[in-house]
Amino acid sequence: MMIGLAIALLSIVGMFVRAFVMEDDTEWMKLLLQKILLIGMLVMSLSKDKVEDEMTIALRAQSYAIAFVIGVVYALVMPYVEFGVSNMVNSGGENFKNLGDFQMLLFMLMIQLMFYHNLKRYR
């Protein structure tokens with residue numbers, strides 16, 4: 001868990017450094033840091049607890065199922081919400097945009113981690 005957290009935090013720090021310090025064309029670095037953040041969160045998601053029993057395995061599976069369902073609903077609803085809000089703010093008629101893979105995976109991993117730790121806390 002600590003290794004995944006360190007990877008994720010270093011990636012986030014790298015994103016801030018890229019955004020505020022670097023002035024060159026660093027699109028490749030943005031994509032690389034996004035992938036590293038996803039890897040860090042995946043390591044956190046898959047890491048075993050100190051006490052790993054049937055209950056924690058069931059809670060982990062339940063949190064993955066909840067994250068999947070919420071992720072699908074998010075992927076279906078969010079483009080329409082974003083389209084509606086952007087058309088209300090900008091009267092020029094914005095184009096419809098789909099969610100990116102990074103945004104979906106990040107959202108689902110955050111939901112999974114949040115639900116797993118909450119389910120584990122209140123079991």
Side-chain angles (χ1 to χ4, degrees):
M1 179 67 113
M2 289 299 152
I3 293 171
L5 185 61
I7 292 170
L9 288 177
L10 286 174
S11 170
I12 292 170
V13 168
M15 287 179 183
F16 279 111
V17 168
R18 186 200 72 81
F20 296 116
V21 175
M22 297 183 172
E23 297 176 2
D24 298 334
D25 182 30
T26 57
E27 188 65 28
W28 64 271
M29 188 176 215
K30 175 185 173 185
L31 295 173
L32 178 68
L33 290 169
Q34 286 177 346
K35 303 303 182 207
I36 292 171
L37 176 61
L38 289 176
I39 289 170
M41 290 185 70
L42 183 64
V43 168
M44 289 169 53
S45 176
L46 295 175
S47 66
K48 294 194 182 262
D49 291 338
K50 289 181 181 179
V51 178
E52 189 78 19
D53 57 1
E54 293 83 13
M55 176 65 91
T56 57
I57 293 170
L59 293 176
R60 190 181 312 271
Q62 186 178 4
S63 69
Y64 279 119
I66 292 169
F68 177 76
V69 170
I70 292 175
V72 169
V73 170
Y74 178 76
L76 292 173
V77 171
M78 195 60 196
Y80 296 108
V81 170
E82 188 175 321
F83 178 71
V85 169
S86 68
N87 280 333
M88 282 193 295
V89 172
N90 301 328
S91 61
E94 295 289 321
N95 291 333
F96 184 78
K97 293 183 263 180
N98 281 324
L99 299 175
D101 58 346
F102 172 73
Q103 186 176 354
M104 274 304 304
L105 291 172
L106 181 69
F107 178 77
M108 289 176 73
L109 282 168
M110 287 182 356
I111 293 294
Q112 189 275 328
L113 288 168
M114 179 186 67
F115 270 95
Y116 175 65
H117 289 287
N118 280 333
L119 288 171
K120 193 170 67 169
R121 182 181 311 155
Y122 297 117
R123 61 179 164 164

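Residues: numbered from 1 along the sequence shown. Note that this is a predicted model, so its numbers are computed, not measured.
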Task: By side chain to side chain donor-acceptor pair (under 3.5 Å) - contacts of Gln62 (at least two apart) - done: none

- [ ] Give the minimum heavy-atom separation between Ile36 and Ser11, together with the two atoms involved.
- [x] CG2-CB, 4.0 Å

TODO: Please say whether more than 12 non-hydrogen atoms of neighbouring residues, nucleotides or ligands are located less than 6.0 Å from CZ in Phe68.
DONE: no

TODO: Assess whether atom CG of Asp25 is packed by more than 12 heavy atoms of other residues, nucleotides or ligands within 6.0 Å.
DONE: no

Task: Shared hydrophobic cluster, Met104 / Ile111 (ILVMFWY, side-chain heavy atoms < 4.5 Å) - done: yes

TODO: Measure the spacing between CG of Asp101 and NZ of Lys35 and express it to the nearest 0.5 Å.
DONE: 4.5 Å

Task: Spatial distance of atom CE (Met110) from atom CD1 (Ile70) [nearest 0.5 Å] - done: 11.5 Å

Open item on the list: Using every non-hydrogen atom in the two residues, find where Arg18 and Thr26 come nearest and quote the distance to one decimal.
Closed with: NH1-OG1, 2.9 Å

Open item on the list: When you measure from the side chain of Ser86 to the backbone of Glu82, do you find a donor-acceptor pair of N or O atoms at a distance under 3.5 Å?
Closed with: yes

Task: Note, Leu106 side chain near Leu37 side chain (heavy atom, < 4.5 Å) - done: yes

Open item on the list: Let me check something: do Tyr74 and Leu109 share a hydrophobic cluster, defined by ILVMFWY side-chain heavy atoms less than 4.5 Å apart, either directly or through other members?
Closed with: no

Task: Leu59 to Arg123 - nearest heavy-atom pair and separation - done: CD1-CD, 4.0 Å

Task: Interatomic distance, Lys48 atom NZ to Thr56 atom OG1 [nearest 0.5 angstrom] - done: 8.0 Å

TODO: Kindly compute the distance separating OG (Ser63) from CG (Leu113), expressed to the nearest 0.5 Å.
DONE: 8.0 Å

TODO: Kindly compute the distance separating CD (Gln112) from CE (Met44), expressed to the nearest 0.5 Å.
DONE: 9.5 Å

Open item on the list: What's the separation between atom CE in Met55 and atom CG in Leu119, rounded to the nearest 0.5 Å?
Closed with: 10.0 Å

- [ ] Scan side-chain atoms only and decide if Tyr64 and Ser45 contain a donor-acceptor pair under the 3.5 Å cut-off.
- [x] yes

Task: Met22 reachable from Trp28 in the ILVMFWY side-chain graph, under 4.5 Å edges - done: yes

- [ ] Would you confirm whether Asn118, through its side chain, and Arg121, through its main-chain N or O, come within 3.5 Å as a donor-acceptor pair?
- [x] no

Open item on the list: Using side-chain heavy atoms (C-beta onward) and a distance below 4.5 Å, is Phe107 in contact with Leu99?
Closed with: no

Open item on the list: Between Lys120 and Arg60, is there a side-chain heavy-atom distance shorter than 4.5 Å?
Closed with: no

- [ ] Group every Ile, Leu, Val, Met, Phe, Trp and Tyr by side-chain heavy-atom contacts under 4.5 Å, then state whether Ile39 and Leu10 land in the same group.
- [x] no

Open item on the list: I'd like to check Glu54 versus Ile57 (side-chain heavy atoms, cut-off strictly below 4.5 Å). Are they in contact?
Closed with: no

Task: Met41 reachable from Val13 in the ILVMFWY side-chain graph, under 4.5 Å edges - done: no

- [ ] Look at atom CG of Leu31 and say whether more than 12 heavy atoms of other residues, nucleotides or ligands are closer to it than 6.0 Å.
- [x] yes

